[in-house]
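This report refers to the structure that appears directly beneath it.
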Amino acid sequence: MAGRSANGRHGLRGHAGRTAALARLVHKECIQLLEIYRNSESLPSLPADGGYLVSIPPLVPQLSDAEKISILHAALKESLRLLEDVITREDAEFSGEDSEYKRKQKTVRDRLGHLLASTEQLLVDGQRFEAEVKEELDGQAASGAFGLKMWIVRVLQDLVHWTGQTSETLHSMPAETEKAPKTRSLRTRRGAGKIRK
């Protein structure tokens, strides 16, 4: 039983490493998506005002890694929902349009969905947090085309921020768990040296 438990923990650590790599990839693609959108719409490169649309409990140091992942999972879930709202609205207004931005947008949506499923496997039973959204798409309908574009920028800024936070948190987890295999390999080398004598 103990061996099975250890293997389970090792498997979870391996999954955390793969999820961290996926989070880093999605983060880079979200940065690219934001840049492509700004360029295609001739928007300023300065961050849009108003802060993040998605809000979560603060990631204070007292929280465990599992709690942080659970909170970030909630933020990613709402960020993906916002991105899907953006895609639905844009498809309705600009149907059939194919562009670098639309291709990258769909890639980000698909990979973000994979990241959400992957982080869900790291959640501890009973630990579920909710994220809140400050401004929904419906509230932007009356603010005109420019207001809608700036809201889309804020959605993309949220994607960059929350995927970045997830990547950083996940990359801090496997680093702590890679010491055990190194210790074992050192013991093996020492043992091999004794046999040679």
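Keep in mind that this is a model prediction, so the values were computed, not measured. Sequential numbering from 1 along the given sequence is applied to the chain's residues.
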Minimum heavy-atom distance [X]-[Y], with the two atoms named:
X: Q62; Y: E67; value: O-OE1, 4.5 Å
X: A74; Y: A131; value: O-CB, 3.6 Å
X: L22; Y: S118; value: CD2-CB, 4.5 Å

Crowded around [X] [atom1]? As in, over 12 foreign heavy atoms under 6.0 Å?
X: K134; atom1: NZ; answer: yes
X: E41; atom1: CD; answer: yes
X: R81; atom1: CZ; answer: yes
X: K77; atom1: NZ; answer: no

K102/E90 ion pair, N-O < 4.0 Å:
yes
Using a strict cut-off of less than 4.0 Å between a Lys/Arg side-chain nitrogen and an Asp/Glu carboxylate oxygen, indicate whether R38 and E35 qualify as a salt bridge.
no
To the nearest 0.5 Å, how far apart are [atom1] in [X] and [atom2] in [Y]?
X: I31; Y: L159; atom1: CD1; atom2: CG; value: 11.5 Å
X: S172; Y: L170; atom1: OG; atom2: CG; value: 7.5 Å
X: E84; Y: R109; atom1: CD; atom2: CZ; value: 6.5 Å
X: T169; Y: L63; atom1: OG1; atom2: CG; value: 10.0 Å
X: E130; Y: S55; atom1: CD; atom2: OG; value: 11.5 Å
X: D65; Y: L72; atom1: CG; atom2: CG; value: 10.5 Å

Under the 3.5 angstrom rule, does the side chain of S70 hit a backbone N or O of A66 as a donor-acceptor pair?
no
Between S167 and T163 (side chain of the first, backbone of the second, donor and acceptor by atom type, cut-off under 3.5 Å), is there such a pair?
no
Do any pairs count as a ring-ring contact (aromatic ring centres under 6.0 Å, His included) and have a residue in residues 24-44, sequence neighbours left out, and if so which ones?
Y37-Y101
Check for me, please, whether [X] and [Y] land in the same ILVMFWY cluster - side-chain distances under 4.5 Å, paths through other members count.
X: I56; Y: V133; answer: yes
X: L25; Y: L112; answer: no
X: L116; Y: V26; answer: yes
X: I36; Y: V160; answer: yes
X: F146; Y: L156; answer: yes

Please evaluate residues R89 and I152 with respect to the criterion side chain to side chain contact (heavy atoms under 4.5 Å, CB included), reporting the C-alpha separation (whole Å), side-chain torsions for both, the decisive distance (0.1 Å), and the verdict.
CA-CA 10 Å; R89 178 67 176 264; I152 291 172; over 6 Å; no
Do [X] and [Y] come close enough that some side-chain heavy atom pair is under 4.5 Å?
X: M150; Y: L43; answer: yes
X: L34; Y: C30; answer: no
X: W151; Y: L82; answer: yes
X: Q121; Y: T19; answer: no
X: Q105; Y: L83; answer: yes
X: D158; Y: H161; answer: no

Between K106 and I87, does a side chain to side chain contact (heavy atoms under 4.5 Å, CB included) hold up when you go through it step by step?
CA-CA 8 Å; K106 288 188 169 51; I87 291 171; 4.3 Å; yes
Show, in sequence, the C-alpha distance, side-chain angles and deciding distance for L53 and Q157, and conclude whether the side chain to side chain contact (heavy atoms under 4.5 Å, CB included) test is met.
CA-CA 9 Å; L53 293 169; Q157 285 177 173; over 6 Å; no
